[in-house]
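Below is one structure, written out as structure tokens, with a few remarks after it.
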Amino acid sequence: MSYAQTYPDHIAYLQTGYEEALAAHGFDAVVLCSGAAAMKNRFDDQAWPLSPTPAYAHWCPLPEPDTYVIVRPGKKPQLVRTVVDDYWETPPPPESDHFFSAFDVLEVKPGLAGDSLPGGKVAVITRDAGTSPPGAVNPAGLITALDLLRTKKTAYEIECLAEASIRAARGHQHVARAFQAGTPSELELHLAYLQASEQDDAAAPYKNIVALGPHTAILHYVAYQRDKVSGDTSFLIDAGAKVLGYGSDITRTHVRGNGPAARRFANLLAHVDAVQQDICRRIRPGMSYEDLHDESHRLLAVALRELGIGRASPSELVDRGITRALFPHGLGHSLGICVHDAGMKPRPPRPDNKFLRNTSVIEAGQVFTIEPGIYVIDGLLGPLQADDRRDLVDWSAIADLRQFGGIRVEDNILVEANGVRNLTREAFAAV
Ligand code: GLY
Ligand code: MN
Ligand code: MN
């Protein structure tokens with residue numbers, strides 16, 4: 001299938017969903033602003049690359065500043081582009097032109113011409129409240145409804161995410177080989193990933209997390225070091241790719257070496273990978289994602305017990321906070337236009353799951369990540385060692401693992417009526 005074939009149904013889904021949301025929240029029209037160029041610093045003249053408003057990007061993969069999608073019930077959507085005569089800069093062209101014919105396209109001079117604005121009660125979805133067109137700015141109820149529309153993916157969006165997974169898988173495979181074959185630095189691995197996945201740093205869906213050894217235990221590590229690392233070590237890379245505004249979010253952990261600590265880490269890695277696949281197999285529509293997160297703690301506890309790292313029953317390892325010290329983040333989150341997309345957190349998680357970003361009921365059409373991990377984070381393990389939980393952990397195993405840092409295995413999962421499609425493993429198999 002090509003984007004041109006699947007995009008019309010995507011637009012039809014959006015038109016229906018938007019008409020319902022506008023009626024429910026009492027609006028006659030909505031203006032979705034792509035966003036204005038944001039300066040990095042008011043003492044300089046550099047702007048950040050444009051990261052369009054998610055509601056705008058849901059309709060239109062055109063990363064141009066000061067562009068607007070206008071949606072009205074019963075009317076073809078309008079795409080209003082601001083034409084500037086600028087010989088200093090130009091926005092990147094779209095990756096494909098399949099979408100233009102879905103819109104009435106209008107070109108205006110800077111300042112969104114008044115006659116292109118809809119009448120009646122207008123909502124404006126914008127990142128730049130000070131400079132956006134007139135209307136009710138970011139009404140909360142409407143934003144929630146539009147966020148919810150992004151949680152069910154159309155065939156077009158699945159195609160974009162599948163391609164984003166393939167591009168990322170090429171990068172992952174390339175750097176996995178480079179890590180095993182030599183002694184690359186974090187910076188070299190980061191740059192090699194960008195090259196193999198054919199993207200610039202600023203165009204990636206999020207800043208690559210590329211860490212060697214103990215740095216792998218820093219969850220959002222982006223401080224790429226230049227020193228070459230030799231000998232037994234670990235490598236964690238959490239990196240995706242973007243296609244027509246949709247991003248993948250993939251993590252793989254690797255280990256190099258044959259020393260006893262490297263073998264212990266490799267064994268733990270194999271167990272975390274098996275737990276991750278086990279969780280993916282259990283996913284069914286109707287389940288609660290938070291239950292799945294709880295299940296991941298139980299499965300990790302079984303693995304820790306089996307490996308002798310945990311010295312109590314799996315249920316005690318969970319109930320007494322051992323797994324929460326070793327796996328401190330959520331099992332996953334909604335994925336699509338934003339890497340941590342909104343719409344799948346209808347309520348806060350339980351306090352003991354405080355970093356969980358997905359509390360939805362699982363439904364066919366959702367795309368989310370499944371990303372369990374185990375990390376040696378001294379700030380979280382210290383309290384266990386200092387109180388009556390010290391005997392529940394094999395501290396010599398922790399000492400062995402510390403130089404290898406942490407493990408995360410992250411796949412992007414599409415929920416289907418009777419199971420899942422694992423877009424990540426499918427992409428690795430394809431490349
Ligand atoms: N790449 C950030 C995350 O996995 O959530
Ligand atoms: Mn993620
Ligand atoms: Mn990630």
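One is the number of the first residue; the rest follow in order along the sequence. In listed order, ligands and their atoms are each counted from 1.
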Is it true that the side chains of Asp341 and Ser334 contain a donor and an acceptor less than 3.5 Å apart?
no
Measuring from atom CD1 of Ile237 to atom NE2 of His254, what distance do you get when rounded to the nearest 0.5 angstrom?
7.5 Å
Taking the six-membered ring for Trp and the full ring for Phe, Tyr or His, determine whether the centres of Tyr156 and His98 are under 6.0 Å apart.
yes
Please confirm whether the ring centroid of Phe355 lies under 6.0 Å from the ring centroid of His329.
no
So, do Tyr193 and His174 have ring centers that fall under 6.0 Å from each other?
no
Centroid-to-centroid, Phe327 to Tyr375, below 6.0 Å?
no
Taking 2.8 Å as the cut-off, does His340 contribute an N, O or S atom near the Mn ion (ligand 2), distance below it?
no
With the threshold set at 4.0 Å, does a side-chain nitrogen-carboxylate oxygen contact exist between Asp319 and Arg298?
no
Please confirm whether the ring centroid of Phe99 lies under 6.0 Å from the ring centroid of Trp59.
no
Distance under 4.0 Å, heavy atoms only, partner ligand 1: which residues pass?
Tyr206, Asp238, Asp249, His333, His340, Glu371, Glu410
Working to the nearest 0.5 angstrom, can you tell me the gap between Asp273 CG and Gln277 CD?
5.0 Å
Between CG of Leu414 and CD1 of Ile158, what distance do you get to the nearest 0.5 Å?
4.5 Å
What are the protein N/O/S atoms, named by residue and atom, that sit under 2.8 Å from the Mn ion (ligand 3)?
Asp238 OD1, Asp238 OD2, Asp249 OD1, Glu410 OE1
